[in-house]
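These values consider heavy atoms only, across backbone and side chains, with no hydrogens, waters or symmetry-generated copies. Keep in mind it's a predicted model, so treat the numbers as computed, not measured.
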Amino acid sequence: MFGYVMPRMEDLSQEERERYHAAYCGVCRALGERCGQRCRVALTYDMTFLTLLLGSLYEPDERQGSRRCAPHPVRPHAYLGSDCIDYAADMTVALVYHKCLDDWRDDRSGWARAYASLLGKAYRAVGERHPRACAAIEEGLADIGRLEEAAAAAASAGDAAAAPPPDAAANRFGALLGEVFAWRDDFWAAGLRSFGAKLGKLVYVMDAALDMEDDRASGSYNPLVALDAQPQEVREDLELLAADAAAAFERLPLERDARVLRSVLYAGVWQKYCAKEAKRTKQAKETKHVQEEHQEAHRG
């Protein structure tokens with residue numbers, strides 16, 4: 001999920017940008033206060049979206065302040081505080097902890113293993129505060145790991161019939177994120193779970209789309225590589241998934257920060273993908289230009 005769920009800042013007014021950054025700084029402060037100062041390194045923009053989404057739906061009391069901090073010691077920064085922000089900080093620790101474990105298993109990243117160890121105590125505390133959400137993350141990621149291993153084994157054996165459905169891992173990640181979004185077991189849980197599931201599936205497939213070239217070269221499992229998907233097909237699939245996520249989002253009665261949230265969903269989540277596509281198109285044009293020059297030189 002990390003690195004996709006953020007607004008396109010140029011779409012926002014100055015006031016909206018300031019509020020977004022205050023929520024971001026609020027998650028950072030909550031990480032330090034609830035989980036320990038070292039956990040602030042886990043901060044991502046993605047969970048700020050969850051903060052604003054839950055805040056818009058539940059409208060909790062907000063605390064406002066302005067203080068200097070270690071990352072920004074020169075001048076005070078505005079920040080927000082609320083129960084939603086505290087929850088988003090806890091989920092940041094949970095998700096980053098498991099991402100580090102996943103990076104260690106997949107790539108034997110020493111940095112990831114060290115950081116998972118650093119987050120271990122904080123994650124156990126988060127698990128005590130939010131046992132349902134943490135269990136959903138653990139079970140979901142374990143299922144995804146098994147699905148990816150089964151798909152890789154089937155591909156290696158040349159037995160397509162033994163492979164799980166190509167969208168199985170994406171669906172499972174979506175279900176995982178849906179449980180994270182369903183903050184409370186209440187009237188809004190079903191809508192939040194549905195939206196989180198559709199957004200999670202979109203992010204999983206988009207991440208796979210960006211990793212296609214690297215995974216094809218390394219042999220790592222990628223459902224789009226397994227399907228031999230072409231760029232236009234991938235774009236169409238992503239647009240359908242984005243439309244599903246948007247439809248689930250629009251069913252939620254959101255008013256506060258709605259423009260910021262829509263900037264994330266309708267534009268922000270596409271930023272990495274569009275940048276990669278622009279780079280790929282530019283490289284293809286440059287390659288074609290060089291080939292044409294060589295052909296012209298050969299004819300001459």
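- Between the CG atom of D90 and the SG atom of C35 there is a distance of 5.0 Å, given to the nearest 0.5 Å.
- Every residue two or more places apart in sequence or in another chain that forms a side-chain hydrogen bond (donor to acceptor under 3.5 Å, both in side chains) with E179 is listed here: R132, R193.
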Original post:
For M206 and K276, what are the C-alpha separation, side-chain angles and deciding distance, and is it a side-chain contact (heavy atoms from CB on, under 4.5 Å)?
Top reply: CA-CA 11 Å; M206 191 168 284; K276 183 70 174 284; over 6 Å; no
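- Between I137 atom CD1 and C134 atom SG the span is 5.5 Å, to the nearest 0.5 Å.
- By the ring pair (Phe, Tyr, Trp, His ring centres under 6.0 Å) test, Y115 pairs with W111, sequence neighbours left out.
- No more than 12 heavy atoms of other residues, nucleotides or ligands sit less than 6.0 Å from atom NZ of K99.
- A single hydrophobic cluster is not seen to contain both Y79 and V41; linkage of ILVMFWY side chains at heavy-atom distances under 4.5 Å, directly or through other members, places them apart.
- Sorted by first and then second residue, the ring pair (Phe, Tyr, Trp, His ring centres under 6.0 Å) pairs with a member in residues 116-144 read Y87-H130, Y97-Y123, H98-Y123; sequence neighbours excluded.
- Applying the salt bridge (charged side-chain N to carboxylate O under 4.0 Å, His left out) test to E33 and every residue at least two apart in sequence or in another chain returns R29.
- For A168, the side-chain contact (heavy atoms from CB on, under 4.5 Å) partners two or more places apart in sequence, or in a different chain, are L147, P164, P165.
- Screening residues 207-220 for salt bridge (charged side-chain N to carboxylate O under 4.0 Å, His left out) gives no qualifying pairs among residues at least two apart or on separate chains.
- Applying the salt bridge (charged side-chain N to carboxylate O under 4.0 Å, His left out) definition to pairs two or more places apart or across chains, those involving residues 195-205 are D167-K201.
- Scored by the side-chain hydrogen bond (donor to acceptor under 3.5 Å, both in side chains) test, R251 finds no partners at all (sequence neighbours excluded).
- Residue pairs meeting the side-chain hydrogen bond (donor to acceptor under 3.5 Å, both in side chains) criterion with at least one member in residues 237-249, sequence neighbours excluded: R235-E239.
- Partners of E16 under the side-chain hydrogen bond (donor to acceptor under 3.5 Å, both in side chains) rule, at least two apart in sequence or in another chain, are S13, R259.
- W104 and I144 fall into different hydrophobic clusters, where Ile, Leu, Val, Met, Phe, Trp and Tyr residues are linked whenever their side-chain heavy atoms come under 4.5 Å apart, directly or through other members.
- Residues passing the ring pair (Phe, Tyr, Trp, His ring centres under 6.0 Å) test with W270 are Y273, sequence neighbours excluded.
- Residues forming a ring pair (Phe, Tyr, Trp, His ring centres under 6.0 Å) with Y221 (at least two apart in sequence, or on another chain): none.
- Note that OG of S263 and CG of D11 are 4.5 Å apart. Values are rounded to the nearest 0.5 Å.
- No more than 12 heavy atoms of other residues, nucleotides or ligands sit less than 6.0 Å from atom CG of D185.
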